[in-house]
Participant: 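Would you mind keeping the following structure in view while I ask a few things?
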Amino acid sequence: MPELPEVEAYRRLAEERALGRPVAAVIAPDAWYLKGGLDAAAVTAALVGRRFTDARRIGKLLLLDADGGDLVVGLRFGMTGRLLVDENDAVGELLYSPKTDRPEWDRFALRFADGGLLRMQDPRRLGGVILDPPEARLGVDAASVTPAQLRAAIERSAAPLKARLLDQAHVAGVGNLIADEALWRAGLDPRRPAKSLTPAEHRRLHKHLRAAVADLSERGGSHTGDLRIHRAPGGRCPKDGAELQRATVGGRTTWWCPKHQR
DNA sequence: ATTGTGGCCTGCCCGC
DNA sequence: TGCGGGCAGGCCACAA
């Protein structure tokens, strides 16, 4: 599903192909997909005639800056959303998402004056479009978080470590698969209170979180982790062979190795 | 503020 | 072969 690596790929796609092209029409057939009180008429009025000057990303939120400096389009992809520009895709298949591309799954699109099309394909409709999204509500991006920032984000929380990593207000961009991968690499029990980490464990977590984000981005997606294929009933830890445990942590299905994740 | 829970969305997959 | 239930998780509303 789209976590940070996928949304970063969408950002690069938008940067390469969507900037500088005047918007001629907005296609917003799904009112549910427009968030923050937005409707089709308002988003059309806001965007027709504008061009995008920059494509940014904070966590899993893709931000398109419109010319004039007074308008930002925020795109959220939920679990099954994909971005296509002129039929160019940024990622391969998405885990948990249908592989096909049906017209009725286009929840939002922009027609450019040159005839090109930017569209969001989202079978499960968990994504959305918002104007001027509240960027300040997001924590520091997981791809660039420093050791001190990560420590500050988690060191006083009584919540389970994994829940804290998933909280976009504190660290932005970590989804379920990257959280499990990073904690598995770092050898940390996802159920541990976040504030229980020692200084050495903070360093380990930072190192492995950054490495997991970088590796999975390079490999092509959040589903490419070393743990991922073992997250299934009967799955064993590829490090030490112990049977993986499964539980709900932070409201999400969580798999971890009881032998080396402490 | 923090933390936890439930619901939303819908296609897919399994067992019957 | 069809059917129904369970499942997937990002995000938000809500409760205490």
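Chain letters run A, B, ... following the sequence lines, proteins first, then strands; residues in each count from 1. Hydrogens, waters and symmetry mates play no part in the numbers below; they use all other heavy atoms, side chains included. The structure presented is a predicted model; accordingly, all values stated were derived computationally and were not measured.
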Participant: Looking only at side chains, do A/S217 and A/E8 share a donor and an acceptor under 3.5 Å apart?
Facilitator: no
Participant: For A/W256, does the six-membered ring have the charged nitrogen or CZ of A/K259 within the cation-pi criterion, i.e. under 6.0 angstrom from the centroid and within 45° of the normal?
Facilitator: no
Participant: Which one, B/dT2, C/dG10, B/dC9, comes nearest to the side chain of A/W32?
Facilitator: B/dC9
Participant: Taking atom types as modelled, find out whether A/H170 and A/R164 have a side-chain donor-acceptor pair closer than 3.5 angstrom.
Facilitator: yes
Participant: Starting at CG of A/L62 and ending at C1' of C/dG10, how long is that distance when rounded to a whole Å?
Facilitator: 16 Å
Participant: One thing to verify: whether A/D65 and A/R56 come together as a salt bridge, which I'm taking to mean a side-chain N less than 4.0 angstrom from a carboxylate O.
Facilitator: yes
Participant: Rounded to whole Å, how long is the line connecting atom CG of A/N176 with atom P of C/dA8?
Facilitator: 9 Å
Participant: Check each residue of residues 151-165 of chain A for a non-hydrogen atom within less than 4.0 Å of any atom in DNA chain B, then write out the ones that pass by number, or none.
Facilitator: A/S157, A/A158, A/A159, A/P160, A/R164
Participant: Among C/dG10, B/dC9, B/dG11, find the nucleotide with the atom closest to the side chain of A/P123.
Facilitator: B/dG11
Participant: With a 4.0 Å limit, can you tell me whether A/R246 has a side-chain N or O closer than that to the phosphate oxygens OP1/OP2 of C/dC7?
Facilitator: no
Participant: Examine B/dG11: is either OP1 or OP2 under 4.0 Å from a nitrogen or oxygen in the side chain of A/W105? Give yes or no.
Facilitator: yes
Participant: Nearest-Å distance, CG (A/D167) to C1' (C/dC12)?
Facilitator: 12 Å
Participant: Please give, in whole Å, the distance from B/dT3 P to A/H170 NE2?
Facilitator: 8 Å
Participant: Whole angstroms only, please: what is the CD-P distance between A/Q121 and B/dC9?
Facilitator: 19 Å
Participant: Going by an N to O cut-off under 4.0 Å, is there a salt bridge joining A/E155 and A/K195?
Facilitator: no
Participant: Remember a base hit wins even if backbone is also touched, and classify A/R125 as base, sugar-phosphate or nothing at under 4.0 Å, heavy atoms.
Facilitator: sugar-phosphate
Participant: Quick one: are A/R203 and A/K207 in side-chain contact, heavy atoms under 4.5 Å?
Facilitator: no
Participant: The side chain of A/R76 lies closest to which of these nucleotides: B/dG11, C/dC12, C/dA8?
Facilitator: C/dC12
Participant: Atom CZ of A/F77 and atom P of C/dC11: how far apart are they, to the nearest Å?
Facilitator: 11 Å
Participant: In whole angstrom, what separates A/R191's CZ from B/dT3's C1'?
Facilitator: 18 Å
Participant: If I take atom CD in residue A/E3 and atom C1' in nucleotide C/dA8, what distance separates them, rounded to the nearest angstrom?
Facilitator: 12 Å
Participant: Are A/Q121 and A/D106 linked by a side-chain donor-acceptor pair shorter than 3.5 Å?
Facilitator: yes
Participant: Side-chain N or O of A/R124 less than 4.0 angstrom from OP1 or OP2 on C/dA8?
Facilitator: no
